[in-house]
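The structure under discussion appears below in the form of structure tokens.
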Amino acid sequence: MQQETQATFRIWRGDASGGGFADYPTTVSEGMVVLDAVHQIQAEQANDLAVRWNCKAGKCGSCSAEINGKPRLMCMTRLNELDMSQPVTVEPMKAFPLVRDLVTDVSWNYRVKQGIKPFKPREPDAPDGTWRIAQSDVDRVQEFRKCIECYLCQDVCHVLRDHQKHDEFIGPRYLVYAAALEMHPLDTEDRIPELRQAHGIGYCNITKCCTAVCPEHITITDNAIIPLKERVVDDAFDPVGKLVKIFSRRHT
Amino acid sequence: MADYQTHEHDVLVIGAGGAGLRAAIEAAAGGASVGLVCKSLLGKAHTVMAEGGVAASLANVDDRDNWKVHFADTMRGGQYMNNWRMAELHAKEAPDRVRELEAWGALFDRTADGRILQRNFGGHKYPRLAHVGDRTGLEMIRTLQDHGVHQGIDVHMEVTVVTLLKDGDRVAGAFGYDRERGRFRLFRAKAIVLATGGIGRAFRITSNSWEYTGDGQSLAYHAGAELKDMEFVQFHPTGMVWPPSVRGILVTEGVRGEGGILVNSEGKRFMFDDIPENYRSQTADTPEEGWRYVQGDKDARRPPELLTRDHVARCIMREVREGRGSPHGGVFLDIAWIKEKLPNAAEVIRKKLPSMYHQFKQLADIDITTTPMEVGPTTHYAMGGVNVDGDTQMSSVPGLFAAGEVAAGLHGANRLGGNSLSDLLVFGQRAGHHAAVWAASHSAGTVDRAEVDQWATRTLEPFERGASAEAPYQVQHDLQDSMQDLVGIVRTESDMQTALERIAQLRVRAGRTGTGGNREYNPGWHTALDLDNLLTVSEAITRSALERKESRGGHFRDDYPSKDDAFASFNILVRKGADGAMQLERRPIPQMTAELATIIEENR
Ligand SMILES: Cc1cc2nc3c(=O)[nH]c(=O)nc-3n(C[C@H](O)[C@H](O)[C@H](O)COP(=O)(O)OP(=O)(O)OC[C@H]3O[C@@H](n4cnc5c(N)ncnc54)[C@H](O)[C@@H]3O)c2cc1C
Ligand code: SF4
Ligand code: SF4
Ligand code: FES
């Protein structure tokens with residue numbers, strides 16, 4: 001019942017000191033994803049091939065890589081979407097330092113998140129310490145909260161990938177995170193000054209490359225970054241408006 | 001002498017899923033210095049995959065709900081094998097633990113009046129699962145992670161613990177390696193919380209990731225702790241079956257909670273055919289009543305698709321074995337049919353089950369709003385694990401605690417859906433608290449350096465044997481095949497005896513495995529080191545399953561197909577004997593308090 005064919009995977013092997021592509025011919029069958037092929041090669045030909053994965057269902061954001069040059073999740077990339085007559089190239093993400101083979105050092109992302117002011121809720125609405133929130137207010141931020149932290153958007157963003165502005169720009173993932181907090185119906189914190197300065201939102205020139213690669217289909221640029229940019233601008237030119245906004249956010 | 005980096009903490013938490021994160025937060029709040037280690041990156045643990053929801057009797061949707069009903073449901077689901085004290089604490093404390101998540105930023109779906117919405121799930125009498133679409137686990141782990149990183153916890157990501165270290169009877173530390181560079185790490189701690197999750201990788205078809213190699217159960221066992229209820233493995237009724245590469249990936253019970261029905265190849269809705277006696281009074285008589293139930297009609301009873309998982313899994317097996325299965329060896333799970341009832345059905349399905357919609361579309365080319373899914377049982381959850389005290393979560397080894405899936409007790413013979421996420425919160429909190437209290441009243445133990453050196457040498461042995469030795473992946477696959485075929489959903493004496501022989505042979509082979517390459521991020525090496533854990537839990541499952549000569553909950557014996565009262569009064573415990581061999585004990589279940597017994601009677 002299963003259609004089996006031969007295919008070649010051109011996988012990047014090596015570490016920070018150097019490396020190159022190696023070709024692995026292997027048998028593939030219907031329904032396989034790139035991660036299956038990588039696992040098969042690992043089990044049969046290259047036991048030490050380094051790769052991260054967990055859920056194999058697009059839920060954990062561990063298996064990010066560049067497949068035929070495009071940033072994607074290996075577990076959600078079906079072979080039947082690719083041209084299998086050519087070798088399929090699989091390489092690590094480029095915006096982060098390489099550890100080995102397909103694994104990169106993504107610890108920078110964790111440090112960035114730590115530097116963003118955490119959630120600070122308003123006083124509870126009810127005497128029992130709970131809040132009343134409308135579903136429509138939840139829906140507004142739910143999109144941002146779907147993020148699986150795969151860092152594919154960080155990988156593709158030219159500010160990080162090409163210009164290496166890791167010290168000055170938090171990248172699309174953390175603009176989404178900041179948006180999720182800023183638009184959280186209970187949050188009272190103000191992150192706008194940092195967004196302008198330390199978080200470097202001004203570096204983003206709205207190329208939308210991040211939105212294009214997001215496996216969760218988060219409209220990163222239009223729904224998160226642009227509204228944040230608007231707030232940053234408002235804030236800079238309208239300090240009174242800012243006070244009104246904080247006041248009204250606390251009391252709705 | 002081996003080269004290693006040393007870390008000192010009051011409390012070391014091993015595992016950063018829901019249970020580990022919650023424990024670490026609580027221990028830090030209790031004033032302890034806390035270290036948190038995990039094999040994967042932070043935020044990628046199994047908890048992230050949980051879909052359906054977290055069970056707590058908030059009574060937001062049905063005000064008849066309260067902790068007593070939740071307690072009775074949990075005990076009934078667990079066939080009264082549960083640690084009743086844990087079931088009581090869990091039912092009482094889950095609502096506070098869920099509300100606390102909201103205070104830390106979690107956003108659950110809402111009721112019309114703005115409170116946390118709750119959905120129906122198998123074995124729960126009332127709608128009880130707080131949820132966020134079908135990605136509740138992501139919301140939960142992210143909330144705990146984002147809150148936790150501001151509590152001064154030292155996180156050691158991608159570090160695997162290979163052994164616990166003791167000072168006399170008590171625990172004194174742990175030894176492991178970082179995956180990235182392969183360097184050794186020594187952790188000295190006054191108290192240790194195990195929160196390492198489950199054992200699913202011992203089986204071929206599973207919803208679990210590579211991480212679930214039974215590390216915590218095995219670490220505890222080798223440290224002298226007792227394991228309990230290891231025969232009770234949950235086979236979730238609905239895993240994907242096609243295409244082959246996705247076999248085992250979970251299809252959330254939420255699909256049935258939203259009205260999904262199970263149908264065989266003859267188009268028959270077969271779950272009405274076999275309703276267990278103890279659930280008859282709670283189960284719908286007709287499809288019509290079942291539909292009213294999932295639509296929130298308080299007078300209706302639940303459809304049989306929402307019976308407990310063990311039962312639904314066996315009904316599916318029966319259909320397949322009797323030739324009424326789907327083309328790829330499962331049955332059909334149909335949610336598309338609700339278009340007969342709802343004009344905007346497709347939209348409702350995409351809204352309520354977005355990640356299922358996505359998963360089938362992307363991995364199987366199936367649109368679940370128009371086409372039934374093919375599903376079959378998949379190894380999902382370990383009810384058994386480290387035996388702990390119900391109040392403090394301490395194991396039989398002083399200073400060693402366990403919480404979450406790695407611990408036994410709450411779920412008895414079968415876990416209800418949604419009761420795991422709440423378990424993580426309730427007992428993570430308790431374990432963290434009691435570990436901090438323990439650490440405050442005990443000084444640090446002494447770690448034996450010679451023992452550490454021995455472990456370092458042992459850990460490097462696969463490199464000495466090299467790439468031409470036995471391949472670790474092959475040994476793992478052979479073990480998974482044996483467990484799947486011989487100790488799976490349907491068990492017999494002779495199959496399990498064969499399994500024990502195979503496990504013994506595989507142990508010999510595991511000792512001969514080797515790997516090429518170097519210590520940097522080398523999955524071949526990691527797999528070789530995980531084998532001992534997998535073999536230990538496989539042996540414990542098999543021996544316990546042989547000992548329980550009856551069928552109950554997740555444990556089904558073809559040679560003893562009925563429940564037997566003689567086996568209702570004890571749990572099976574496993575311990576490492578003085579000679580190194582596995583010992584079993586039948587330990588009587590303590591008498592329940594009169595108050596709890598009355599609650600169970602009232603909820604019959
Ligand atoms: C697909 C799926 C869907 C589910 N849906 C639901 C649901 O809707 N509701 C529900 O209640 N339950 C659900 N469950 C069950 C529930 O998600 C798990 O039981 C629960 O998340 C386990 O949490 P935990 O904290 O015990 O462990 P995990 O979240 O698995 O975390 C284990 C941690 O331990 C670490 N670890 C393991 N071994 C070592 C070692 N040797 N050294 C260092 N670290 C180690 C891992 O890296 C990880 O960080 C689901 C499970 C799956 C697989
Ligand atoms: S839109 Fe902005 S954040 Fe996104 S890739 Fe372009 S520059 Fe980067
Ligand atoms: S926003 Fe999208 S692409 Fe970026 S990390 Fe999150 S899920 Fe990945
Ligand atoms: S393995 Fe989890 S997203 Fe690919």
Side-chain angles (χ1 to χ4, degrees), chain A residues 1-2 15 29-33 35-36 42-44 46-62 76 78 99-101 103 105-107 110 113-114 118-119 121 124-125 128-135 137-138 141-142 145-149 177 181 184-187, chain B residues 40-46 48-49 99 102-105 107-110 113-117 132-133 135 137-139 142 146-147 149-150 155 157 180 209-211 242-246 249-250 355 358-359 362-364 467 471-474 477 515-518 520-525 527:
Chain A
M1 196 177 314
Q2 254 171 274
D15 57 25
S29 61
E30 190 187 338
M32 273 172 75
V33 293
L35 185 63
D36 293 318
Q42 188 187 53
E44 292 168 2
N47 277 197
D48 64 339
L49 170 56
V51 57
R52 279 197 186 102
W53 69 284
N54 277 65
C55 67
K56 219 176 153 298
K59 294 189 165 72
C60 72
S62 302
M76 295 303 273
R78 291 274 296 267
V99 173
R100 208 165 71 79
D101 302 343
V103 173
D105 175 358
V106 293
S107 58
Y110 289 86
K113 188 182 233 183
Q114 187 110 36
F119 174 67
D125 301 333
D128 66 352
T130 60
W131 288 270
R132 298 291 174 271
I133 309 172
Q135 182 66 39
D137 287 339
V138 173
V141 286
Q142 218 55 288
R145 303 180 68 87
K146 287 194 308 193
C147 170
I148 57 174
E149 302 199 330
Y177 179 61
L181 288 167
H184 190 296
L186 304 184
D187 185 67
Chain B
S40 292
L41 294 170
L42 190 61
K44 311 294 183 194
H46 243 77
V48 80
M49 295 192 226
R99 286 192 281 259
E102 190 151 271
W104 295 346
L107 272 178
F108 294 99
D109 286 348
R110 315 309 292 186
D113 65 349
R115 294 184 299 163
I116 296 174
L117 181 62
V132 186
R135 52 164 197 84
L138 172 65
E139 187 72 15
R142 206 61 90 229
D146 294 351
H147 180 75
V149 296
H150 295 286
V155 181
M157 296 198 285
E180 214 172 85
S209 86
W210 66 270
E211 290 202 298
W242 186 259
S245 65
V246 301
I249 293 181
L250 195 75
S355 73
H358 203 60
Q359 182 173 313
Q362 206 144 344
L363 295 176
Y473 295 98
Q474 198 51 52
H477 289 171
T515 184
N518 60 32
E520 277 178 24
Y521 220 107
N522 185 336
W525 180 38
T527 303

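Keep in mind the model is a prediction, meaning the values are calculated, not measured. Lettering of chains follows the sequences in order, A, B, ..., and the numbering in each one begins at 1.
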| Most chain A-contacting option - heavy-atom pairs closer than 4.5 Å, from Thr527(B), Ile116(B), Leu363(B) | Leu363(B)
| Any side-chain heavy atom of Pro185(A) within less than 4.5 Å of one from Val141(A)? | yes
| message | For the interface with chain A, which of Val155(B), Leu138(B), Thr515(B), Val48(B) has the highest count of heavy-atom pairs at distances below 4.5 Å? | response | Leu138(B)
| task | Using non-hydrogen atoms and a 4.5 Å limit, figure out which bit of Glu180(B) sits close to chain A: side chain, backbone, both or neither. | result | both
| task | Please determine, among Leu186(A), Val33(A), Leu49(A), the option with the most heavy-atom pairs under 4.5 Å with chain B. | result | Leu49(A)
| field | Heavy-atom closest contact (Val99(A) atom, Asp105(A) atom, distance) | value | CG2-N, 3.6 Å
| query | Checking Asp101(A) against chain B: side chain, backbone, both or neither under 4.5 Å from a heavy atom? | reply | neither
| chain B heavy atoms under 4.5 Å from Val51(A): which part of the residue, side chain, backbone, both or neither? | backbone
| said: What part of Trp525(B) gets within 4.5 angstrom of chain A, counting heavy atoms only: side chain, backbone, both, or neither? | reply: neither
| field | Geometric class of the His147(B)/Trp104(B) ring pair [parallel <30°, tilted 30-60°, perpendicular >60°] | value | parallel
| Heavy-atom closest contact (Lys44(B) atom, Ile148(A) atom, distance) | NZ-O, 3.1 Å
| query | Could you give the distance from CZ (Arg115(B)) to CD1 (Ile133(A)), rounded to the nearest 0.5 Å? | reply | 13.0 Å
| field | Per-residue contact mode, Ala134(A) against chain B (heavy atom under 4.5 angstrom) | value | backbone
| request: Keeping the roles fixed (side chain from Ser245(B), backbone from Gly31(A)), state whether a donor-acceptor pair exists under 3.5 Å. | output: yes
| Is it the side chain or the backbone of Arg78(A) that comes within 4.5 Å of chain B heavy atoms, both, or neither? | side chain
| remark: So, the part of Asp36(A) with a heavy atom under 4.5 Å from chain B: the answer is side chain
| message | With heavy-atom distances below 4.5 Å as the criterion, would you say the side chains of Gln359(B) and Ile249(B) are in contact? | response | yes
| Looking at Met32(A), Glu44(A), Gln42(A), Lys56(A), which makes the most heavy-atom pairs under 4.5 Å with chain B? | Gln42(A)
| query | Contact part of Leu42(B) toward chain A, heavy-atom cut-off under 4.5 Å: side chain, backbone, both or neither? | reply | both
| Looking at His358(B), Gln474(B), Glu211(B), His46(B), which has the largest count of heavy-atom pairs under 4.5 Å with chain A? | His358(B)
| If every non-hydrogen atom of Trp131(A) is compared with every non-hydrogen atom of Asp125(A), which pair is closest and at what distance? | CA-OD2, 3.4 Å
| field | For the student: nearest non-hydrogen atoms of Asp113(B) and Arg132(A), plus distance | value | O-CD, 3.3 Å
| message | Counting heavy-atom pairs under 4.5 Å with chain B, which one of Ala57(A), Cys60(A), Ser107(A) comes out on top? | response | Cys60(A)
| message | Please identify, among Ala103(B), Ala467(B), Gly43(B), the residue contributing the most non-hydrogen atom pairs under 4.5 Å to chain A. | response | Ala103(B)
| query | If you take all heavy atoms of Glu520(B) and Arg100(A), which pair is closest and at what distance? | reply | O-NE, 2.6 Å
| Using a cut-off of under 4.5 Å for heavy-atom pairs, which of Ser62(A), Pro118(A), Cys55(A), Ala46(A) has the most such pairs with chain B? | Pro118(A)
| Max heavy-atom pair count under 4.5 Å with chain A, selected residue of Arg99(B), Glu102(B), His477(B) | Glu102(B)
| note | Value for OG (Ser355(B)) from CD (Gln362(B)), rounded to nearest 0.5 Å, stands at 11.5 Å
| remark: Given Gly524(B), Pro243(B), Gly517(B), Gly105(B), the one with more heavy-atom pairs under 4.5 angstrom with chain A than any other is Gly105(B)
| query | Leu35(A) versus chain B, heavy atoms under 4.5 Å apart: side chain, backbone, both or neither? | reply | neither
| field | Part of Ala364(B) lying under 4.5 Å from any heavy atom of chain A | value | backbone
| Contacting moiety of Gln142(A), where chain B heavy atoms sit under 4.5 Å | both
| task | Taking the side chain as every heavy atom from C-beta outward, state whether Arg142(B) and Arg135(B) have any atom pair closer than 4.5 Å. | result | no
| note | Closest non-hydrogen contact found for Ala50(A) with Tyr521(B) is CB-O, 3.1 Å
